[in-house]
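Here is the structure we will look at.
Chain A is the first sequence line, chain B the second, and so forth, proteins listed ahead of strands; every chain is numbered from 1.
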Amino acid sequence: MHGSLHNIRAARRESTPALRRAPMTVRTRFAPSPTGYLHIGGVRTALFNWLFARRHGGRFILRIDDTDRERNVEAALRPILDGFRWLGIDWDEGPEVGGPYAPYYQSQRTERYRAAVGELLDRGLAYRDYATADETTAEREAAQREKRRFIYSRRWMAETDADAARFEGEGRTAVVRLKMPREGACRFDDLVRGPVAFDWALEQDHVIQRADCSHLYHLASAVDDHDFAISHVIRAEEHLSNTPRQIFIAEGLGYELPRYAHLPYVAAPGGSEKLSKRKLGKYLTQPEFKKVHDHGAGILAALGEVVVPARFNPVLVEFYRDVGYRPDALVNYLLLLGWSLDDRTEDFARNEMIEHFSLERVNRSAASFDPQKLMAFEERRMNALPAAEKAEVVTPYLGRLGLLGAEPTASERDRVAAVVAAAGDRIKVAGEIVRYAEFFQDDTVFPYDAKAFRKRVGAPGAADRLRRFRPVLEAVEPFDAPTLDAALHRFVEAEEIKIGQIIHAVRVAVTGKGVGFGLFEALEILGRAACLARIDRALAVAEAQSDAD
RNA sequence: GGCGGUAUCGUCUAGGGGUUAGGAUACGUGGUUCUCAGCCACGGGACCGGGGUUCGAAUCCCCGUACCGCUACCA
């Protein structure tokens, strides 16, 4: 163990000579696997890499870890690249933009890996191993049974061509394994963790090249980090224990080592295990998480879009884009998941993040993902949005609803602006505009909330009051919120009723809903003709219903 | 099992040998408004445990415990 947090932070500050002294070019990378989706945890890692590069005037590189798959890489990559674009995380080198170290796809770099393996072999740092998978497994299991540490016996190691020929005569094929040291320790200074050490003897003779001559992640990663001149490897904590084998490869190849920074991982909501796309079902048992999921699902349902459970998942970035979150809200929330500036600053503009970001202030413990707090950031962003911009982000959702064309007319745009202004901070997420669809629907088709209708219009005397209020609407001049407000209050006095006895009935009659923004604003936006038509329709429906009873 | 990492309100975090342990979010109560959302006020809520060092430990040291990761011809 090493000292206090304070000491570690101090040590970390001292242990960044590369940045202090040499005007080294900062180059960071994020290396997604083309899986077809962008994971929240991955974005956090990418964000920290991006911020670090931007902070230091460096370059941020996207490298594609597609060693495993052949087909549909482009298709599986698109959602990831789209996600980054949406978030405003741009890359200087990588897919689509290329760069001086191309190609940036691991599947296109096998020659480099093959050469690296050859060199390691030549230097005696790796060896051909002719054991079958079963034989290796048997050794490992035996060690486990006897409760001893597993170290490969190197029984089928071929160090000479004669050995190789003999094994091949038996019909065996070879993988290439690292010949790990069996004494000493691997020490390095992690920019987040401080000094860490691993005994070499505890490392396995990891396979770096399969029998089919394809290559494994650690080999590819070490080679690429060097080839791309990566200065800082900033990645999730799960790679901390993997670092020695990568250092072994890099040093064996004579590379200068990058600096390493291992980020705490993003943990499941309310838990401590790594956040996983596959555990959606489990997270949904948590009320807070479910609330955010259902809120989004409700918006999609209102849009009449099919919710595909596998893709509609708050663990994935596309969830937030679909529902209409502000990308800046997500980025801001993610920034604070594992990093902080001080004891109070929460809201950061993009340039402020870049200005203040530092690895020294990255936390060392896992942070659990809390979509409700993300929602709080979203609310603040949305409320801070200038009116015109708010109307703009909301408009596409009305288009998806089929209520606006691709090119809204000036009067349609005015109405959107009016509804957004009246709704104020009730619209926390752009997609929530679907709650105000009735302002864009025809008087004869917008739906009534059955429960609200029964309670507010179907109540004893409610229809009569509505009927008597109708002439007020017909006569009031001008037809604007303050005048309507005054007129309704006069009506209440004359009728000797309480305001609640009329206002809710009017609201349900003209909007179909029991809840909404200010009634007078709603009336003004709809206009006199629509209001009268809607009241008539409501009265007719009420009559039909009472007849049915 | 071995190795490595981590530990402050439910959650995200600040701080750190003497503090009323600060903020945010969530939650509760009251107020305000035509409903809802908000807003305002108030409130409850934390230093993993045990030893040691010290006048004094949440903070430094040691030992536990819990959790997480690695221990693949996955990335």
Side-chain angles (χ1 to χ4, degrees), chain A residues 1 3-7 31-33 35 65-68 106 129 131-133 136-137 140 143-144 146-150 173 175-177 190 193 196-199 201-204 206-212 214-218 220-221 236-245 262 264-265 267 269-274 288 333 336-347 361 363-370 372-377 379 383 423-428 432 435 452 456 485 488-489 492 498-504 506-508 513-520:
Chain A
M1 275 305 291
S4 64
L5 174 65
H6 177 258
N7 290 339
S33 218
T35 49
D65 279 15
D66 58 347
T67 45
D68 246 10
Q106 290 195 328
D129 178 44
T132 64
T136 316
T137 308
R140 186 177 300 116
Q144 233 160 43
E146 293 159 37
K147 291 195 193 293
R148 61 188 162 74
R149 210 172 65 216
F150 168 63
T173 52
V175 299
V176 177
R177 283 181 188 277
D190 190 279
R193 311 272 151 183
V196 285
F198 294 85
D199 281 344
L202 265 16
E203 285 290 319
Q204 301 298 323
H206 302 283
V207 173
I208 54 174
Q209 180 176 296
R210 299 187 182 92
D212 67 2
S214 65
H215 301 93
L216 278 299
Y217 168 76
H218 296 292
S221 193
E237 180 189 347
E238 62 202 273
H239 289 291
L240 185 59
S241 318
N242 294 333
T243 306
R245 74 191 76 156
H262 287 93
Y265 53 88
S272 52
E273 56 188 22
K274 203 166 73 176
E288 296 82 14
Y333 171 72
L336 263 16
L337 212 52
W339 179 87
S340 65
L341 176 64
D342 54 30
D343 63 337
R344 51 196 68 246
T345 317
E346 294 248 279
D347 292 327
R361 292 202 61 87
N363 227 63
R364 293 174 302 156
S365 50
S368 85
F369 179 66
D370 177 359
Q372 253 188 351
K373 183 147 185 176
L374 165 55
M375 183 62 98
F377 278 88
E379 278 184 53
N383 291 341
D425 49 22
R426 288 172 186 79
I427 300 177
K428 298 166 179 165
E432 285 177 340
R435 292 186 188 156
R456 301 302 195 183
D485 192 337
L488 184 125
H489 277 89
V492 163
K498 279 183 284 184
I499 192 166
Q501 289 177 279
I502 180 66
I503 200 162
H504 300 302
V506 177
R507 179 195 310 286
V508 174
K513 292 175 182 145
V515 299
F517 50 75
L519 176 69
F520 307 111

Within this structure, what is the [atom1]-[atom2] distance for the pair [X] and [Y], rounded to the nearest 0.5 Å?
X         : Y         : atom1 : atom2 : answer
Ile208(A) : His218(A) : CD1   : NE2   : 11.5 Å
Arg149(A) : Leu202(A) : CZ    : CG    : 5.0 Å
Thr35(A)  : Asp65(A)  : OG1   : CG    : 11.0 Å
Ser368(A) : Glu273(A) : OG    : CD    : 11.0 Å
Phe150(A) : Thr136(A) : CZ    : OG1   : 6.5 Å

(request) Determine the interatomic distance between P on rU54(B) and the same-named atom on rC70(B); round to the nearest Å. (result)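 So the two P atoms sit 43 Å from each other.
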(message) Could you tell me how far rU20(B) sits from rC67(B) if I compare only their P atoms? Round to whole Å.
(response) 36 Å
(request) Hey, which sits more toward the 5' end of RNA chain B by its nearest nucleotide, Phe150(A) or His215(A)? (result) Phe150(A)
(message) Please compare His218(A) and Phe377(A) by the position of their nearest nucleotide in RNA chain B and report the one closer to 5'.
(response)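 Closer to the 5' end of RNA chain B: Phe377(A).
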Taking 4.0 Å as the cut-off, does a side-chain nitrogen or oxygen of [X] come that near to OP1 or OP2 on [N]?
X         : N       : answer
Ser33(A)  : rA75(B) : no
Arg210(A) : rC74(B) : yes
Arg361(A) : rG15(B) : yes
Arg149(A) : rG1(B)  : no

Quick one: list whatever passes salt bridge (charged side-chain N to carboxylate O under 4.0 Å, His left out) with [X], sequence neighbours left out.
X         : result
Arg148(A) : Glu146(A)
Lys513(A) : Glu438(A)
Arg177(A) : Asp129(A)
Glu432(A) : Arg435(A)

With both distances under 3.5 angstrom, what nucleotide forms a Watson-Crick or G-U wobble pair with [N]?
N       : value
rA66(B) : rU6(B)
rC42(B) : rG28(B)
rC55(B) : rG18(B)
rG1(B)  : rU71(B)

Counting any heavy atom closer than 4.0 Å, what does [X] reach on the DNA or RNA strands: base, sugar-phosphate only, or nothing?
X         : answer
Lys428(A) : sugar-phosphate
Asp342(A) : sugar-phosphate
Ala131(A) : base
Ala220(A) : nothing
Ala133(A) : base

Can you check the [X] [atom1] to [N] [atom2] distance for me, whole Å?
X         : N       : atom1 : atom2 : value
Asp425(A) : rA37(B) : CG    : P     : 11 Å
Met375(A) : rC12(B) : CE    : C1'   : 17 Å
Ile427(A) : rG38(B) : CD1   : P     : 14 Å
Asp347(A) : rA24(B) : CG    : P     : 12 Å
Leu341(A) : rU13(B) : CG    : P     : 14 Å
Leu202(A) : rG5(B)  : CG    : P     : 13 Å
His262(A) : rG4(B)  : NE2   : P     : 16 Å
Asp129(A) : rA72(B) : CG    : C1'   : 14 Å

(message) Let's see if you can work this out: which of rU11(B), rU6(B), rG22(B) has an atom nearest to the side-chain heavy atoms of Ser368(A)?
(response)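 Comparing rU11(B), rU6(B), rG22(B) against the side chain of Ser368(A), the answer is rU11(B).
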(request) Compare the minimum distances between each of rC73(B), rU71(B), rG5(B) and the side chain of Val175(A), then state the nucleotide with the smallest one. (result) rC73(B)
Suppose we screen for ring pair (Phe, Tyr, Trp, His ring centres under 6.0 Å). Which residues come up paired with [X], at least two apart in sequence or across chains?
X         : value
His215(A) : Tyr113(A)
Phe517(A) : Tyr436(A), Phe439(A)
His239(A) : Tyr217(A)

(message) side chain to side chain contact (heavy atoms under 4.5 Å, CB included) for Val196(A) and His262(A)? Distances and angles first, verdict last.
(response) CA-CA 11 Å; Val196(A) 285; His262(A) 287 93; over 6 Å; no
Contacts under 3.5 Å, N or O only, protein and nucleotides 26-30 of chain B:
none

Protein-nucleotides 68-70 of chain B N/O pairs closer than 3.5 Å?
residue: rC68(B); atom: O4'; partner: Tyr265(A); partner atom: OH; Å: 3.2
residue: rC68(B); atom: O2'; partner: Tyr265(A); partner atom: OH; Å: 2.1
residue: rG69(B); atom: O2'; partner: Glu238(A); partner atom: O; Å: 3.3
residue: rG69(B); atom: N2; partner: Ser241(A); partner atom: OG; Å: 3.4
residue: rC70(B); atom: O2'; partner: Arg245(A); partner atom: NH2; Å: 3.3

(message) Students often mix this up, so state it plainly: with edges at 30° and 60°, are the rings of Phe369(A) and Tyr333(A) parallel, tilted or perpendicular?
(response) perpendicular
(request) Going 5' to 3' through nucleotides 40-47 of chain B, assign each nucleotide B (protein heavy atom under 4.0 Å from a base atom), S (under 4.0 Å only from sugar-phosphate atoms) or - (no protein heavy atom that close). (result) --------
(request) Taking all non-hydrogen atoms of both residues into account, name the closest pair between Gly271(A) and Ala267(A) and its distance. (result)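 Result for this residue pair: O-CB, 3.7 Å.
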(request) Under the side-chain hydrogen bond (donor to acceptor under 3.5 Å, both in side chains) rule, collect the residues that match up with Glu379(A), sequence neighbours excluded. (result) none
Could you go over nucleotides 32-36 of chain B and give all protein N or O partners under 3.5 Å, atom names and distances?
residue: rC34(B); atom: O2'; partner: His504(A); partner atom: NE2; Å: 3.3
residue: rC34(B); atom: O2; partner: Arg507(A); partner atom: NH2; Å: 2.3
residue: rC34(B); atom: N3; partner: Leu519(A); partner atom: N; Å: 3.3
residue: rU35(B); atom: O2; partner: Gly516(A); partner atom: N; Å: 2.9
residue: rU35(B); atom: O2; partner: Gly516(A); partner atom: O; Å: 3.3
residue: rU35(B); atom: N3; partner: Arg507(A); partner atom: NH2; Å: 3.4
residue: rU35(B); atom: N3; partner: Gly516(A); partner atom: O; Å: 2.4
residue: rU35(B); atom: O4; partner: Gly516(A); partner atom: O; Å: 3.3
residue: rC36(B); atom: O2; partner: Arg426(A); partner atom: NE; Å: 2.7
residue: rC36(B); atom: N3; partner: Arg426(A); partner atom: NE; Å: 3.0
residue: rC36(B); atom: N3; partner: Arg426(A); partner atom: NH2; Å: 2.5
residue: rC36(B); atom: N4; partner: Arg426(A); partner atom: NH2; Å: 2.9

